[in-house]
Number of protein chains: 2
Amino acid sequence: MVASPKPVYLKLRDMIAAAIIDGTYPEGTLLPSVRALAAEQGANPLTVAKAYQQFQLDGLVEVQRGVGMLVAPNAATRLRKTERDQFLTEEWPAIRQRIDRLGLDAQELLAKQTG
Amino acid sequence: MVASPKPVYLKLRDMIAAAIIDGTYPEGTLLPSVRALAAEQGANPLTVAKAYQQFQLDGLVEVQRGVGMLVAPNAATRLRKTERDQFLTEEWPAIRQRIDRLGLDAQELLAKQTG
DNA sequence: CATGGTGCATGAGTGCCATAATACAGCCTC
DNA sequence: GAGGCTGTATTATGGCACTCATGCACCATG
């Protein structure tokens, strides 16, 4: 692996997704503006816009030009379902295969607490 | 995520690593030549060479110019240990955190058999 | 030595990412 | 309507990673 050369806009996208899922931004909430989030994260406004764009296409945020972006109804639920499906079908199989190949013990993995 | 835009040389590197770990290429075995593997995988010889390069730096393969590349002693063991450590310290925490965030049951996932 | 197999160094080309500056379109408050 | 906040479109630029084509250095074989 190459450490974390993950594109900034994807990192931002993940941050926002996580915040929506865990309820930091409930339904109907006004998300941080493109410029505000850019300033806070030290990124370019266009890069932030690119991150938000992903959610617009999926209808997870309502764009009100001149006002801001609102978290759409059931965004958290839908987002969780989407990420869950994608994780289970695309990511987990490979991870599971890797665990087996490395001969790792399930108990040992479960013992580790989050964060 | 964007499906799998994973660089070719990393995919190849993983393939080779897996093959070494599971004993497809035991210690002292001559690995497929750069050109041969390139032809087989439909990749460029230099891309394959880049994949092999990672193993040379770690001393997991012995390069004999004009002959080929040999699997170094204890390569499988060392490789498994390296990958294991890296997985446990760098990858699993993030995965575990994601599992929790998505409301999935880690124990249930690990209980399932591969494939 | 000639041949054909190795790996390797150099260089160029391509595309994605991130940034910047500027301008426009819409909504709210005063 | 004026001013200030939203998101958006346009264009240009620099950097970086990935991939590839060419040619060279090395070794084993006959």
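Letters go in sequence order (proteins before strands), and every chain restarts at 1. FYI, side chains are in, hydrogens and waters are out, and symmetry mates aren't considered; it's all heavy atoms of this structure. Bear in mind that the values here come from a model prediction, so they are computed numbers and not experimental data.
- In this entry the distance linking CD of B/Q54 with C1' of D/dA17 reads 13 Å, nearest Å.
- A/V71 has its side chain out of reach of A/L60: every pair of non-hydrogen atoms, C-beta onward, lies at least 4.5 Å apart.
- B/K6 has its NZ atom 12 Å from the P atom of D/dT19, to the nearest Å.
- Rounding to whole angstrom units, CG of residue A/L57 and P of D/dT8 are separated by 10 Å.
- In this structure, the CZ atom of B/F55 is 14 Å from the P atom of C/dC8, given to the nearest Å.
- The side chain of A/V63 lies closest to D/dT8 when the candidates are D/dT8, D/dT19, C/dT6.
- Here the side chains of B/L102 and A/I21 are in contact, with some heavy-atom distance below 4.5 Å.
- Residue A/T47 places at least one side-chain N or O closer than 4.0 Å to OP1 or OP2 of C/dT19.
- With values rounded to the nearest 0.5 angstrom, A/Y9 atom OH is found 10.0 Å from A/Q53 atom CD.
- Within 3.5 Å, no donor on the side chain of B/R35 pairs with an acceptor on the base of C/dG5, nor the reverse.
- Counting to the nearest Å, the C1' atom of C/dG7 and the CD atom of B/E62 are 15 Å from each other.
- For the pair B/Y9 and D/dC18, the criterion of a side-chain N or O lying under 4.0 Å from OP1 or OP2 is met.
- For C/dC8, the OP1/OP2 oxygens have a side-chain nitrogen or oxygen of B/Q56 closer than 4.0 Å.
- The distance between atom CD of A/Q53 and atom P of C/dC17, rounded to the nearest whole Å, is 12 Å.
- Residue whose closest nucleotide on DNA chain C sits further toward the 5' end, between A/L46 and A/V67: A/L46.
- Using a 4.0 Å cut-off, no side-chain N or O of B/K50 falls inside it from OP1 or OP2 of D/dT19.
- Rounded to an integer number of Å, the gap from CG of B/L30 to P of D/dA28 is 12 Å.
- Look at B/N44 and you won't find any side-chain N or O under 4.0 angstrom from OP1 or OP2 of D/dT19.
- For the pair B/V63 and B/F55, the minimum side-chain heavy-atom distance is 4.5 Å or more.
- A donor-acceptor pair under 3.5 Å is formed between the side chain of A/E27 and the backbone N or O of A/N74.
- Separating the CE atom of A/M69 from the P atom of C/dG26 is a distance of 17 Å, rounded to the nearest angstrom.
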